[in-house]
*Asks:* 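Submitted below is the structure of interest, expressed as structure tokens.
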There are 2 protein chains.
Amino acid sequence: MSQAREPVQIRQTDSRTAILESAERAFADQGFGGASIRAIAREAGVNQAMVHYYYQNKDQLFRSVVARRSGQVNDRRNDALDALFQDGIPGLEELMEALLRPTIEIGHDDAHGGPAYARLIVAFNNAADERSQNVAKEYYDPIARRSIDAMRRVVPALGKAEAVRSYLFAISLALSLMAKTGRAARLSDGLCDDSDTEETVANAVAFACAGIRALANKNNIQNRQSG
Amino acid sequence: MSQAREPVQIRQTDSRTAILESAERAFADQGFGGASIRAIAREAGVNQAMVHYYYQNKDQLFRSVVARRSGQVNDRRNDALDALFQDGIPGLEELMEALLRPTIEIGHDDAHGGPAYARLIVAFNNAADERSQNVAKEYYDPIARRSIDAMRRVVPALGKAEAVRSYLFAISLALSLMAKTGRAARLSDGLCDDSDTEETVANAVAFACAGIRALANKNNIQNRQSG
DNA sequence: ACCGGCCTTAATCAAACGTTTAATTAATGG
DNA sequence: CCATTAATTAAACGTTTGATTAAGGCCGGT
């Protein structure tokens, strides 16, 4: 009688993702320049040549880290957008929650290295260097454009420039909530927890929606005055 | 007849500040780990040993870069707070403009390396590593605490935790406006200019105030329900 | 003229860096 | 069972890193 046969590929898969997760932590904590491939390999428990074997070089290793996570987040955001607009036009709160919740939740997922990715994504979100912008363009611009269009359908008074700013504001909000720098806890003497995902989402959505409506009104008034 | 005597320190100051400004650009563009002292010295037009002569090591060089700029910003913010509360309690819009304007303006000051510092400060504002948090604690926590207290005086309904979050949100907004990553321009097909300082300040203040009031209301409602 | 304190220099150090190589081991398919 | 492929290893490559050293130039004061 034959045993249930396993895929037998014990060796490969472990190393590949171990490197990826170690790299995620290293890039998040020390930046691209500060992270060293040697340390990444050491912490992953693999030979340092394995990093190049699987990912060629440091640049592509970085891209691979971002690619994996951005897929996880943006698939959820795209699905949520599909569902929301299927039955007409949703409310602004629903829309913003659909956009921000996946980002916040993955950052709060301690068991799967969420906080490390949160710190990483925050760092490169506001970075102006060519590598960061290329990665942002490839992995985050498509969902950004779709989100901005959705925001303008939900709040018609929102001009394109205001919508872009609002989107970037909202993302920046959500990211600042994910990156547990310890500063919020320090400044609030421990009152700000930020481990409560639901409260975090609620705060981000409330703040963002109010801000967006304010920009929409401002835009409206300007148009009325000048038109 | 004696000539008007100058402080005579012609030699020193040039190299000192040349290093500081070169370092500011390097740290902003490549991060702490990615920036090299050799490149910093080269771009400053000095021997690389001069960097250690004036700033001992890379860590203190970084601190010196932040110290200089944070002084410029926070002196202005402190003065504005003093003036605002001299004649009673100001409005929220006035308060937030006092807090955000200096930050935004220094980031827009192209002639004096503002954009470089903007990118630098954005990068380390959301960083969780020990060095960044130590620098933040030393150079930005005092004004942060004072600002948070001021916000609660202006909006009494704002709880402490909400005030801390609001402050961090608002700063995060202003910073995302300063860091000209090119992403806003790209996503808006050039519509978002961000070089217009007044419009930038107005947008940030409007968005932040609306968000803060939303969090204050949310807090109020919760208290009423649970009390 | 000479001294003493800044400022500046070129040269050097050990350590760490990213990357490549050649050789070894383990699994797969015919 | 052998040939092929994939995974892994130790070692080394040349370069760059942060930091230190010793030597000298500049300049006002005496």
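The analysis underlying the following values was restricted to heavy atoms, covering all of them including side chains, and did not include hydrogens, waters or symmetry mates. Within every chain, numbering begins at 1; the chains are lettered A, B, ... in the order of the sequence lines, protein sequences first and strands thereafter.
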*Asks:* When rounded to the nearest 0.5 angstrom, what distance separates CZ in B:R165 from CG in A:L173?
*Replies:*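 Here the interatomic distance stands at 12.5 Å.
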*Asks:* Take the protein atom CD of A:Q56 and the nucleotide atom P of C:dT20, then report the distance between them rounded to whole Å.
*Replies:*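 Whole-Å distance recorded here is 10 Å.
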*Asks:* Please state whether the rings of A:F32 and A:F27 are parallel, tilted or perpendicular, taking 30° and 60° as the class boundaries.
*Replies:*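 A:F32 and A:F27: parallel rings.
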*Asks:* Could you walk me through whether B:R186 and A:Q133 satisfy the side-chain hydrogen bond (donor to acceptor under 3.5 Å, both in side chains) test, starting with their C-alpha distance in whole Å, then the side-chain angles of each, then the deciding distance to 0.1 Å, before giving a yes or no?
*Replies:* CA-CA 10 Å; B:R186 193 169 71 234; A:Q133 281 304 304; 2.8 Å; yes
*Asks:* Atom CZ of A:R42 to atom C1' of C:dG18: distance rounded to whole Å?
*Replies:*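 Rounding to the nearest Å, CZ of A:R42 and C1' of C:dG18 are 14 Å apart.
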*Asks:* What is the distance, rounded to the nearest whole Å, between atom CG of B:L61 and atom P of D:dA19?
*Replies:*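 One finds 10 Å between P of D:dA19 and CG of B:L61, rounded.
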*Asks:* Using a heavy-atom cut-off of 4.0 Å across all strands, would you classify A:A39 as base, sugar-phosphate, or nothing?
*Replies:*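 Contact class for A:A39: none.
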*Asks:* Name the closest nucleotide to the A:A49 side chain, picking from D:dT20, C:dT21, C:dT19.
*Replies:*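 Closest nucleotide among those given: C:dT21.
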*Asks:* Between B:Y55 (OH) and D:dA19 (C1'), how many Å, whole number?
*Replies:*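 That distance rounds to 17 Å.
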*Asks:* Any side-chain N or O of A:S15 less than 4.0 Å from the OP1 or OP2 oxygen of D:dT8?
*Replies:*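 The answer is yes; a side-chain N or O of A:S15 sits under 4.0 Å from OP1 or OP2.
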*Asks:* Measure from OH on A:Y54 to C1' on C:dG18 and round the result to the nearest Å.
*Replies:*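 Distance check: A:Y54 OH to C:dG18 C1' gives 19 Å.
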*Asks:* What integer distance in Å separates A:H52:NE2 from C:dT20:C1'?
*Replies:*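 My rounded result for the distance is 9 Å.
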*Asks:* Please state how far atom CD in A:Q60 lies from atom C1' in C:dT19, giving the value in whole angstrom units.
*Replies:*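 That distance rounds to 14 Å.
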*Asks:* Let me know, please, whether A:R38 or A:M50 comes out on the 5' side of the other along DNA chain D by nearest nucleotide.
*Replies:*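 Result: A:M50.
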*Asks:* For B:A116, is there any backbone N or O sitting under 3.5 Å from a side-chain donor or acceptor partner on B:R25?
*Replies:*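 No, B:R25 side chain to B:A116 backbone: no donor-acceptor pair under 3.5 Å.
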*Asks:* Base, sugar-phosphate, or nothing: which does A:A35 touch, judged by heavy atoms less than 4.0 Å apart?
*Replies:*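 Result for A:A35 = sugar-phosphate.
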*Asks:* How many Å lie between CD on B:Q48 and C1' on C:dA10, as a whole number?
*Replies:*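 Distance check: B:Q48 CD to C:dA10 C1' gives 10 Å.
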*Asks:* For C:dC17 and A:S36 - does any side-chain N or O of the residue sit under 4.0 Å from the phosphate oxygens OP1/OP2?
*Replies:*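 It does, given that an N or O in the side chain of A:S36 lies less than 4.0 Å from OP1 or OP2 of C:dC17.
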*Asks:* Are B:R16 and B:Y55 in a cation-pi contact, defined as NZ or CZ under 6.0 Å from the six-membered ring centre and within 45° of the axis?
*Replies:*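 Judged by the rule, B:R16 and B:Y55 form a cation-pi pair.
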*Asks:* Determine: side-chain N/O of B:Y53 to OP1/OP2 of C:dC7, distance under 4.0 Å, yes or no.
*Replies:*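 For C:dC7, OP1/OP2 do have a side-chain N/O of B:Y53 under 4.0 Å.
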